[in-house]
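Right, one structure below, let's go through it.
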Amino acid sequence: MDNKNIDPTARKLHTEARELGQSGKYDLAIAKLEEAIKIQPDWSYPIYDLAFTYLLKGDFDNALKFYKKTDDLSPKGFFTTKTALYTLQGEQSGKFPKGLYLAYLQIEWTDDKEQKLEITKTLTEKVPDFAPAWKELANLVDNKAEKFNAIEQGLLKNPDADTKGILEINKAILLDQNGKKEEAKNLLGHLIFSSDATTANIELAKFTLNSITEKK
């Protein structure tokens, strides 16, 4: 995610901050992250974790502020920054209800697949314009028709770049499974050369395209 030399003190502070955050000591974690950022202001990781820590505190304005800073430093994507921005900006504008991003993260934090599916279905029903929930639904359902419908719904909701890329990759996989190999390859090729695609999705699209191409 970061191909640069990181100051050892900044790295140590960041590690300590993460440990504090995992223990629920958010204010102490924030102080450590701020120190790390002062030492290494061009390092996205502590800024990203600062945004996440503010999110956990319920300070959505500061969370949005530092997710924006993360995105400025890493415009081709850094972990879930694109989705966080999309959701928090939607919350701020009134498009989405307050607290939606925290509710969405419950899917990731839950290990039980049935609980994940229940949370995801609730989000798609309560906030149907929220594209990331449709992405999660597509990943969780087994029926191909339901999966394809969830992908199409997600793509119609003006998704963030990261969510859009994952939806298109999953659509390409389904197209290939349904015997539409050329359509799948074209979709992946378009994603790989898209200026809006994140680095992570470009690499995943390349891997998927290679797998489809090599398959007999």
Side-chain angles (χ1 to χ4, degrees), residues 1-2 13-38 40-111 115-116 118-137 139 153-154 157-167 196 198 200-201:
M1 304 296 289
D2 274 301
L13 286 163
H14 178 240
T15 300
E16 291 171 353
R18 286 177 66 83
E19 291 170 355
L20 287 165
Q22 288 164 6
S23 301
K25 299 173 181 176
Y26 300 139
D27 291 334
L28 291 174
I30 286 170
K32 294 274 188 183
L33 291 167
E34 288 174 340
E35 287 184 63
I37 293 165
K38 285 179 183 176
Q40 189 92 37
D42 62 340
W43 187 23
S44 298
Y45 215 154
I47 301 172
Y48 174 85
D49 279 342
L50 183 57
F52 183 63
T53 306
Y54 275 120
L55 182 77
L56 293 176
K57 278 173 62 71
D59 187 343
F60 301 140
D61 289 339
N62 267 320
L64 178 56
K65 173 184 173 181
F66 288 103
Y67 276 124
K68 282 180 178 176
K69 288 190 174 184
T70 306
D71 194 53
D72 289 341
L73 276 178
S74 300
K76 293 299 287 182
F78 193 87
F79 293 113
T80 62
T81 298
K82 298 288 187 187
T83 302
L85 270 178
Y86 163 89
T87 312
L88 290 171
Q89 286 173 338
E91 290 181 31
Q92 190 178 70
S93 70
K95 178 181 179 181
F96 301 138
K98 287 286 184 184
L100 176 61
Y101 191 55
L102 265 181
Y104 171 70
L105 290 178
Q106 297 298 319
I107 300 169
E108 179 185 339
W109 297 338
T110 303
D111 293 326
Q115 288 183 352
K116 285 179 181 283
E118 184 179 345
I119 295 167
T120 303
K121 284 185 174 179
T122 298
L123 288 178
T124 57
E125 290 167 6
K126 300 288 187 183
V127 195
D129 287 337
F130 182 53
W134 291 104
K135 178 199 73 175
E136 296 298 332
L137 185 61
N139 288 335
Q153 285 297 318
K157 309 303 181 184
N158 191 30
D160 62 275
D162 198 47
T163 298
K164 182 181 179 184
I166 293 296
L167 287 166
D196 297 327
T198 64
N201 280 345

Quick one: does L55's side chain get under 4.5 Å of L105's, heavy atoms only?
yes

When you compare the side chain of Q89 with that of K68, does any pair of heavy atoms fall below 4.5 Å?
yes

For a 4.5 angstrom cut-off between non-hydrogen side-chain atoms, does L100 reach L123?
yes

Would you say K32 and T15 make side-chain contact, with heavy atoms under 4.5 Å?
no

Between T122 and E118 (side chain of the first, backbone of the second, donor and acceptor by atom type, cut-off under 3.5 Å), is there such a pair?
yes

Are more than 12 heavy atoms from other residues, nucleotides or ligands located less than 6.0 Å from atom NZ of K25?
no

Heavy-atom pair of closest approach, residues H14 and A36
N-CB, 4.3 Å

For the student: nearest non-hydrogen atoms of P46 and I37, plus distance:
CB-CG1, 3.9 Å

Look only at the side chain of S74 and the backbone of D71, and say whether a donor-acceptor pair between them is shorter than 3.5 Å.
no

Would you indicate whether K38, at its atom NZ, is surrounded by more than 12 heavy atoms from other residues, nucleotides or ligands within a distance under 6.0 Å?
no

Please lay out, stage by stage, how L102 and L56 fare under the test side-chain contact (heavy atoms from CB on, under 4.5 Å).
CA-CA 8 Å; L102 265 181; L56 293 176; 4.3 Å; yes

K121 side chain reached by L137 side chain, heavy atoms, under 4.5 Å
yes

Going by heavy atoms in the side chains, are Y67 and L88 under 4.5 Å from each other?
yes

Side-chain (W134) to main-chain (D129) donor-acceptor, under 3.5 angstrom:
no

Using distance alone, with no hydrogens and no angle criterion, decide if T83 and Y101 have a side-chain donor and acceptor under 3.5 Å apart.
no

So, the side chain of D59 versus the backbone of Y54: is there a donor-acceptor pair under 3.5 Å, distance only?
no

Would you call the rings of Y86 and F130 parallel, tilted or perpendicular, taking 30° and 60° as the class edges?
parallel

Measure the shortest side-chain to side-chain distance between Y45 and R18 over non-hydrogen atoms and say whether it is less than 4.5 angstrom.
yes

Do you know the tightest heavy-atom contact between A131 and K157?
CB-CB, 3.8 Å

How close do K82 and T198 get, counting heavy atoms only, and between which atoms?
CG-CG2, 4.1 Å

Mind checking whether L13 and L33 have side chains closer than 4.5 Å, heavy atoms only?
no

